[in-house]
There are 2 protein chains.
Amino acid sequence: MRNPAQMPVVGMAGGGQLARMTQQAAIALGVSLRVLAGSADESAARAVADARIGDDRALDDLLAFAKGCDVVTFDHEHVPGPHIEALEAAGAPCRPGAAALRHAQDKLVMRERLSGFGAPCPAFGHVPADAPRPFLEAFARDHGLPLVLKATRGGYDGKGVWVVETLDGAAALVARLTAEGVDLMAEEHVPFRRELAALVARSPYGQGAAYPIVETVQENGVCVEVVSPAPGLDGDAAAEAQRLALDIAERLGVTGLLAVELFETEAGLLVNELAMRPHNSGHWTIEGARTSQFEQHLRAVLDLPLGSVEPTAPYTVMANVLGGEEPEDADVYPRYVHVMAHDPAVKVHFYGKDVRPGRKIGHVTALGGDLAEVRERARHAADYLRWGTRMGEMR
Amino acid sequence: MRNPAQMPVVGMAGGGQLARMTQQAAIALGVSLRVLAGSADESAARAVADARIGDDRALDDLLAFAKGCDVVTFDHEHVPGPHIEALEAAGAPCRPGAAALRHAQDKLVMRERLSGFGAPCPAFGHVPADAPRPFLEAFARDHGLPLVLKATRGGYDGKGVWVVETLDGAAALVARLTAEGVDLMAEEHVPFRRELAALVARSPYGQGAAYPIVETVQENGVCVEVVSPAPGLDGDAAAEAQRLALDIAERLGVTGLLAVELFETEAGLLVNELAMRPHNSGHWTIEGARTSQFEQHLRAVLDLPLGSVEPTAPYTVMANVLGGEEPEDADVYPRYVHVMAHDPAVKVHFYGKDVRPGRKIGHVTALGGDLAEVRERARHAADYLRWGTRMGEMR
């Protein structure tokens, strides 16, 4: 007899909000989610029965964590690749595996691989640490200024990305960062119309599923709003973006979710970044798709048949709730009451995090048939939760 | 600064699937859910970070559990009323409170109160333990045979309810149960067309919200299927049922959810049972309503503004997954894979429970515009999860 203890155990390294929201899906599926969190007050550790406390960048902690898990997955990209290889060598199926995940961990590896099979990317090059100036001059001559410098590893939410306007500025930044041990690449600065994201799932069996293409709106490198489907995107372009993401997932051997951040340019789509996990651009799926990205990720890493990606409403808008800047902005609860009273149909998500300026502490989702109205509802809720009655001056 | 630890803590006594599913809503709201479970392998204890192990019928355990909770609520009706009064006296806000909850704990108290303000109920009477025969004769003369005997307290899922065909049969059953200390009432046997349920929420502030009226299908006293909205129910009758449930919630001072099970008869609606918690007849709301009953219960007991009860699809059908009878029926996981492959849009919920014959181990939900198709999809999934390829002969 298969008892509940024999239902699969999915281990997720990392204790952030992605693991926290994955727990909602695990509860429904009857799957046991085990998380490896840095401390008991991390977002996921507050929500999960089986939270192990440890360092997800330490191999011993990872090996102890993986024991008894049917599969190991990740809520971020920062588990060192060699540790993932060691987990795999020890018999713990990692999904995605180290060989796939390195393309989400190292932007240069990703660019080289993607350009290698013709996926559209901005021009790029590795900045040589010993003689950066000639490289920068040649790169600027070929691709113009400003140019973009990126840390090849470790960046997120706009961190690790710098737009530089002059060659002197670029050289100074490279000198400083190289001294700090940061490995750098250069990319052409792409004049994009807007940013899109393609979210797909792929199972070890090889089944794929593609969500509708969404528009993502960033401010200061942080995603503030996601609109599904991307307004005005024609069917051919949407299908092309889905095919591109499914193709990348297959070629890279991704198991689980793959989010492909895209630039929409005059000349077509370009790949910006990859993530192999539930992604901020997919939070809208909790209410807006028949299968949430969190359920889909669990289904994919467990090699279960994937769920329907059908939208549940004509438009879904997700807005991130960021912590406000003033001490008074941190007192979120009265605002939470206001937002619920103001719009009984907006869905409020809080991550169990302390409020800090600019930090993602939650998100809100609105759905409906009138895009302008849905967007306004989501924005109102997110802005009010951040700033309260000061939202008028801040927005 | 309000940190996550200052977000409210809701304590829920009981470790069943209702507390488990409430955790999904608590994760979204950023509320901390603490459960009091009988053991670490109960349904909710497997899912909740803050699970306390103890006896929810022991006052000491309840008092220790309530310490630090902003509000205490319940996943069943079996916490003794005097203990709830003691919790309230100790300063723990209980929602619903003892004064309301006794109407869901004692069927005779409920009947007397509801008839007192004119809510439509079947004829009923208390069976005197010392001289039952003359009472039974008079009751059968007035209301006919068969008649229904009910334990006034402690029943659930058809347990504690007996339909008796003859006076001799009734007298023998009363003698046996009275000797076991069971307090009994008699009710007329109502020839109903079908069973309906009204689910409403009421907050301490007094705000009310009513979900669409659903049809519930029972087999052997156990709910097997819920259809929302109840097919063919005209708007006036639906509005009347919603008003009746809201009226009962207000008169009884219910805080949180109230489920009113109803008989639809030739002469109109009659109240069957009450429950003051998330209810099996409301599981469809997880996907089928903008606000799930679990989120609504949390919002109501926390005195937050209630959420929208708007349906997300024309029809939603929920079917319970019961444990099959044969040893082979207990091996659910391969069936789970089949069901997901067969219908990628059906939503599967498992409660983390051991499989036992007839036990509610999960439920499935299907949504759409064509009732017959939606119903067939939900039934197929539930039957297959119970019986696998033997479903054809069993159904």
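The sequence lines fix the lettering, A, B, ..., with proteins before strands; numbering per chain opens at 1.
With chain B as the partner, the residue from A/G362, A/A51, A/P305 showing the most heavy-atom pairs under 4.5 Å is A/P305. Of the listed residues A/H342, A/H363, A/M21, A/R299, the one with more heavy-atom pairs under 4.5 angstrom with chain B than any other is A/R299.
Here A/K347 pairs with B/E295 in a salt bridge; the nearest charged N to carboxylate O distance falls below 4.0 Å.
Contact annotation for B/I286: neither backbone nor side-chain heavy atoms come within less than 4.5 Å of a heavy atom of chain A. Using a 4.5 Å cut-off between heavy atoms, B/A40 makes no contact with chain A at all. Only the backbone of B/V48 comes within less than 4.5 Å of a heavy atom of chain A; no side-chain atom from C-beta onward does. At a 4.5 Å heavy-atom cutoff, the contact between A/A47 and chain B is made by backbone and side-chain atoms alike. Within the 4.5 angstrom heavy-atom criterion, only backbone atoms of B/A26 (N, CA, C, O) approach chain A. Both the backbone and the side chain of B/A345 come within contact range of chain A, each with at least one heavy atom under 4.5 Å from a heavy atom of that chain. For a residue to count as touching a neighbouring chain, one of its non-hydrogen atoms must lie under 4.5 Å from one of that chain's; by this rule A/A313 does not touch chain B.
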Check step by step if side-chain contact (heavy atoms from CB on, under 4.5 Å) holds for A/L29 and B/Y336.
CA-CA 9 Å; A/L29 293 177; B/Y336 178 89; 3.2 Å; yes
List the steps and the verdict of side-chain contact (heavy atoms from CB on, under 4.5 Å) for A/L367 and B/R290.
CA-CA 9 Å; A/L367 305 91; B/R290 190 54 65 219; 3.7 Å; yes
Candidate pair B/V332 and A/M7, rule side-chain contact (heavy atoms from CB on, under 4.5 Å), full reasoning
CA-CA 9 Å; B/V332 173; A/M7 288 289 276; 5.9 Å; no
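Residues that satisfy the salt bridge (charged side-chain N to carboxylate O under 4.0 Å, His left out) test with A/E328, not counting sequence neighbours, are A/R390.
Taking 4.5 Å as the limit, every side-chain heavy atom of B/H349 sits out of range of all side-chain heavy atoms of A/I27. Residues B/P344 and A/T291 have side chains not in contact (no heavy-atom distance under 4.5 Å, counting atoms from C-beta outward).
For residues 308-323 of chain A, the set of pairs meeting the salt bridge (Lys or Arg N to Asp or Glu O under 4.0 Å) definition, not counting sequence neighbours, is empty. Counting only residues at least two apart or in different chains, salt bridge (Lys or Arg N to Asp or Glu O under 4.0 Å) contacts with residues 316-327 of chain B comprise B/E325-B/R386.
To the nearest 0.5 angstrom, B/M340 atom CE is 5.0 Å from A/L304 atom CG.
Contacts with chain A (heavy atom to heavy atom, under 4.5 Å) involve no residue of residues 202-210 of chain B.
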